[in-house]
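Read the numbers this way: they start at 1 and go in the same order the structure lists the ligands and their atoms.
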Amino acid sequence: MQTTQDIDTLRATISAWRQQGLKIAFVPTMGNLHQGHITLVEKAKSVADKVVASIFVNPMQFGANEDIDNYPRTMAADQEKLLAAGCELLFTPTPSIIYPKGLDKQSYVEVPNVSDGYCGESRPGHFRGVSTVVCKLFNLVQPDIACFGLKDYQQVQVIQTMVEDLSMPIEIIPVATVREDSGLALSSRNNYLTDEEKKIAPALAQNIQWLAKEIVNNNDFIGLAKQAADYIDNAGLKTDYIHICHARTLQPASEDDKELVILAAAHCGKARLIDNLQVFL
Ligand code: PAF
């Protein structure tokens, strides 16, 4: 696996592949890779000839109160995992390579509506940072396909909408969430959980499951979501939000909607956990 920080080297390697008519799939990450990321690389490998990954802890998607400096960085272990999973090219830029003029002077991409609520509300500016960096990475890599984990369901909708709205010729493949046996969704943020917190963290996924069963026969979506929030809080977490939404627009679900998603976030100690479940009625 070739690893480079350099944009010209990245472009030269990819352009040589393109000249050979090879199909390229891309997996953007912020590193600290776990089985969820590796599943993305494996999916990418199964649908393309060459897999490109990136590791970039994107300062634009962190809020002023969020501790980017302590975000886990595990480059050597990540490289080993990517190599074993079949990645051929890894791009590891620094912030000054991605944002040479600094964040304040950087043009940005904003995707309205789907970015607005839920994590967009709890983390102002987060999705602007995500859509901007993903747009920029897409322009650098120019993949045919890009794989994203459904654990970040709202992020997938933001990126899918950006690709459609800006006519980017890239197929977005959403990949199912990988979970521990307890149901807890794998996340780099699980590293922040103590042993005690690990025991209660699965309450988020468990209550989403409960809610998914309830909404099949009861369309009091707001009342049921409130009940689920109470159960999550009673388990020792602190619910940030839990909502039943239209699966594509992410607007609050109406009783006529058939394709729904439950979106939820909760604090567990120092970790802010997010999770979701699609429900087809
Ligand atoms: O999901 C992530 O790891 C990040 O939000 C992404 C898509 C790599 C953009 O920085």
> Atoms of ligand 1 less than 4.0 Å from V133 heavy atoms?
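That gives atoms 9 (C), 10 (O) of ligand 1.
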> Just jot down the ligand 1 atoms closer than 4.0 angstrom to any heavy atom of T29, in number order.
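Going through ligand 1 atom by atom, the ones under 4.0 Å from T29 are 8 (C).
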> Tell me, do P252 and F221 make a side-chain contact under 4.5 Å, heavy atoms counted?
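Result no, sub-4.5 Å side-chain heavy-atom pair not found.
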> Any Lys/Arg nitrogen of K23 or E171 sitting under 4.0 Å from an Asp/Glu carboxylate oxygen of the other?
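Answer for the salt bridge query: no.
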> If you measure every N or O of Q61 against every N or O of ligand 1, does any of those distances drop under 3.5 Å?
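It does: an N or O of Q61 is found under 3.5 Å from an N or O of ligand 1.
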> Would you confirm whether S46, through its side chain, and K43, through its main-chain N or O, come within 3.5 Å as a donor-acceptor pair?
yes
> One thing to verify: whether D240 and R272 come together as a salt bridge, which I'm taking to mean a side-chain N less than 4.0 angstrom from a carboxylate O.
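Yes.
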> What residue and heavy atom of the protein are closest to atom 5 (O) of ligand 1, and at what distance?
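Protein heavy atom at minimum distance: Q155 OE1, 2.7 Å.
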